[in-house]
Amino acid sequence: MNEEQLTAVLHEQGPALVVAGPGSGKTRVLTHRVAWLLSQDVRPDSIMLVTFTKKAAQEMISRVQQLSYRGAAVVAGTFHHIAYIFLRRYVSSLPDLYSKSFTIIDQGDQEKLFKLVIQSLIDQEDRRLIPKPKDFVRIVSYMHSTQMSLLDVVREEFPNYIRQMDRINSVVNGYKERKIQGNMMDFSDLLTYFLILLRDTSAGIEIKNQIDHVLVDEYQDVNALQEKIIRELSGTCKSLMVVGDDAQSIYSFRGGSAEFMLDFEDQYQSVTKYFLTKNYRSRPSILRLVNASIEYNEEQIEKQLESLRPEGDLPIVTVTSNSREQAAYVISKIQEYNESGIPFDEIAILYRARWNSLEFEKACVNSGIRYDIRGGIRFFERSHIKDVTALVTIFVNPREILQWNRILSMLSGVGEITASKIVQKIQSKSNPLTAFLTLGRNDFSSMSISSIAISSIISLQRLFTELAELDENHSGLTQINPMRFLSLCLEFLEPIHQMKFPDEDEFRERWNDVREFMSFSDRYDSLDNLLADILTMVNISTRTSKLDDKDRPIVLSTVHQAKGLEWQVVFVTWLNQGVFPHSMSLAEDNLEEERRLFYVACTRAKDFLHLTFSEYARSWQNSEGVSQFIEEIMDENVFQIFGNDIW
DNA sequence: CAACCTCTAATTTTT
DNA sequence: TTAGAGGTTG
Ligand SMILES: Nc1ncnc2c1ncn2[C@@H]1O[C@H](COP(=O)(O)OP(=O)(O)OP(=O)(O)O)[C@@H](O)[C@H]1O
């Protein structure tokens with residue numbers, strides 16, 4: 001700890017703001033502050049440590065645990081995770097009728113629910129007049145995160161639907177009703193209900209009594225809703241410390257804005273402000289490059305940042321002719337670095353969009369390098385994995401109709417219609433799972449269900465009965481051991497998936513994922529914790545290739561998920577105009593945010609930074625040339641070029 | 001009414 | 001390169 005850092009760590013009381021550039025030890029200040037508080041005999045569960053992404057949260061938590069053995073009991077994690085924990089404890093205080101077994105729905109399920117609502121409320125021919133399910137999801141989450149009204153969101157983001165407000169209102173209301181009926185919350189609900197809990201209920205008083213010290217990392221990314229939560233807690237806590245860097249604000253798409261940080265001093269009384277001006281992470285050569293780049297942003301405030309590290313190599317820009325070559329180049333460089341003694345897990349490949357990982361994954365597999373991928377196709381959103389989690393969800397929250405639909409229509413002989421008949425029949429019952437298990441011949445014939453369908457449904461009943469029997473000492477279905485639960489599920493699913501994915505290689509690949517999920521579940525002792533963590537805490541990611549398990553994996557990650565992390569060697573890839581910066585962002589006038597994203601990406605590097613670009617992106621996508629982020633700083637002598645000279 | 005086939009449109013970022 | 005929509009068959 002240097003002196004600047006130490007004074008921040010030892011901050012006594014009231015609100016504190018730490019604004020500082022990358023690698024200056026902001027996260028370190030927070031983690032050491034937690035350790036210091038603990039050493040002062042502050043109760044761990046009175047400390048709340050918050051951040052935005054799952055990965056950054058894990059990193060922060062593990063740093064705290066290294067510093068103090070009492071760290072494990074600190075209330076720490078993403079906003080959503082912390083909200084979930086308190087909601088679990090106090091659901092019954094909510095004004096809407098949720099029960100403790102509520103489950104969280106992800107984006108895909110939100111879309112499905114909107115689809116159901118639209119089908120039931122809007123006539124076929126009117127459906128083209130209103131937003132698509134996907135857009136509804138965006139509208140609703142934007143509404144929550146910016147705390148704007150539905151009308152304002154539509155006016156601002158989807159002005160061409162403004163004349164359909166009545167229909168839009170009824171769909172949004174229907175969506176909310178169905179969520180409550182199904183005991184489901186979406187991600188926005190977690191935060192919104194948490195705020196309600198804090199603000200309007202007696203449970204809120206208890207929570208506020210519990211929490212004395214609040215620490216928020218990456219504060220430049222808070223949105224209006226999260227800001228309200230923090231403000232609500234700040235009224236009663238002893239200290240509040242927020243840290244951030246306006247140049248790293250990259251979540252405007254979910255309402256995040258650095259304004260909340262820049263206004264912090266005006267919004268809170270007697271704010272203590274701390275500055276950290278020494279960069280411990282990156283070589284001066286790397287800082288020169290990012291500083292030259294961020295200069296182009298007019299909105300950024302200037303920060304002093306002095307590198308404490310010795311001079312390093314100039315960052316290297318490499319031009320390749322296509323994306324396969326790009327991947328081959330990166331992988332061969334990685335092997336060189338590894339041979340020179342840098343461990344694989346100190347090397348990362350970063351990119352703008354999730355699909356950008358594809359060629360790198362292939363190249364890793366071909367060369368037998370293990371990799372840990374964050375943001376390819378998301379593991380838990382792959383359809384075969386969702387089939388498994390659907391079964392778990394039904395046992396945790398039997399009212400969750402989306403998962404019933406999913407499981408039922410997966411059975412042979414059962415399609416959309418039969419599935420919805422059954423769901424209709426059981427959903428209004430107090431326990432739909434028991435209702436399902438007691439369906440018999442008479443029920444099936446009264447619903448006129450085909451005999452093939454009946455026999456599959458009976459086999460599902462048998463599975464559910466066996467699963468329920470795993471709850472031997474009747475401590476509740478959610479308490480069943482996940483590993484045992486899943487191994488029965490897998491037996492049931494295997495033949496179904498074999499049919500669904502007739503291509504043998506494809507099946508094998510997907511089934512490997514499923515097995516991986518099962519072994520992942522072993523670290524959990526109950527189904528509800530498993531489910532919640534999937535959505536608010538962890539990502540499964542490591543893909544092992546057959547060779548040397550002793551090697552640590554390299555990291556493939558989107559820039560967003562790399563936030564707050566660092567590696568000795570970083571490759572920032574796909575620097576094509578239209579990809580990074582992304583054309584859709586450019587269309588929305590977000591160039592400066594894209595440049596901040598580039599800034600975040602490059603400042604992850606400690607020692608070596610590579611920027612790569614391939615002339616031809618994809619056959620059907622015309623190449624728009626090299627990213628302007630490289631072109632802009634061409635004449636500044638902040639990098640060296642390898643490969644074809646295309647300028 | 002489910003299953004199978006064919007064509008098309010879409011591929012930003014996270015919880 | 002792939003999911004899902006839409007149309008046809010059985
Ligand atoms: N006083 C110090 N002595 C030694 N190492 C330090 C010191 N302060 C910070 N570091 C190291 O510098 C690196 C960056 O620190 P940290 O991740 O806390 O920075 P940050 O400001 O949160 O960065 P970012 O804004 O990029 O997330 C870490 O490896 C950390 O251990």
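The structure presented is a predicted model; accordingly, all values stated were derived computationally and were not measured. Each chain gets a letter, A, B and so on, in the order its sequence line appears, and its residues count up from 1.
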* Asked: For dT13(B), does OP1 or OP2 lie under 4.0 Å from any side-chain N or O of Arg354(A)?
  -> yes
* **Pairing annotation in dot-bracket form, given for DNA chain B with Watson-Crick or G-U pairs under 3.5 Å and | for cross-strand partners** => |||||||||......
* With Lys421(A) via side chain to side chain donor-acceptor pair (under 3.5 Å) - residues at least two apart -> none
* side chain to side chain donor-acceptor pair (under 3.5 Å) partners for Lys115(A), two or more places apart -> none
* **Atom P, compared across dT11(B) and dG6(C): separation rounded to whole Å** => 16 Å
* Asked: Expressed in angstrom and rounded to an integer, what is the separation of Tyr142(A) atom OH from dT14(B) atom C1'?
  -> 15 Å
* Base, sugar-phosphate, or nothing: which does Lys563(A) touch, judged by heavy atoms less than 4.0 Å apart? -> nothing
* Structure fact -> Sequence neighbours excluded, the answer for side chain to side chain donor-acceptor pair (under 3.5 Å) partners of Lys425(A) is none
* Asked: At under 4.0 Å between heavy atoms, what does Glu111(A) touch on the DNA or RNA strands: base, sugar-phosphate, or nothing?
  -> nothing
N/O to N/O distances under 3.5 Å, protein versus nucleotides 4-7 of chain C:
{"from": "dA5(C)", "atom 1": "OP2", "to": "Lys115(A)", "atom 2": "NZ", "distance (Å)": "2.9"}

* Structure fact -> Per-nt protein contacts along nucleotides 1-7 of chain B (heavy atom under 4.0 Å; B base, S backbone sugar-phosphate only, - none) come out as SSS----
* ring centroid sep under 5.5 Å plus plane angle under 30, Trp355(A) with dT11(B) -> no
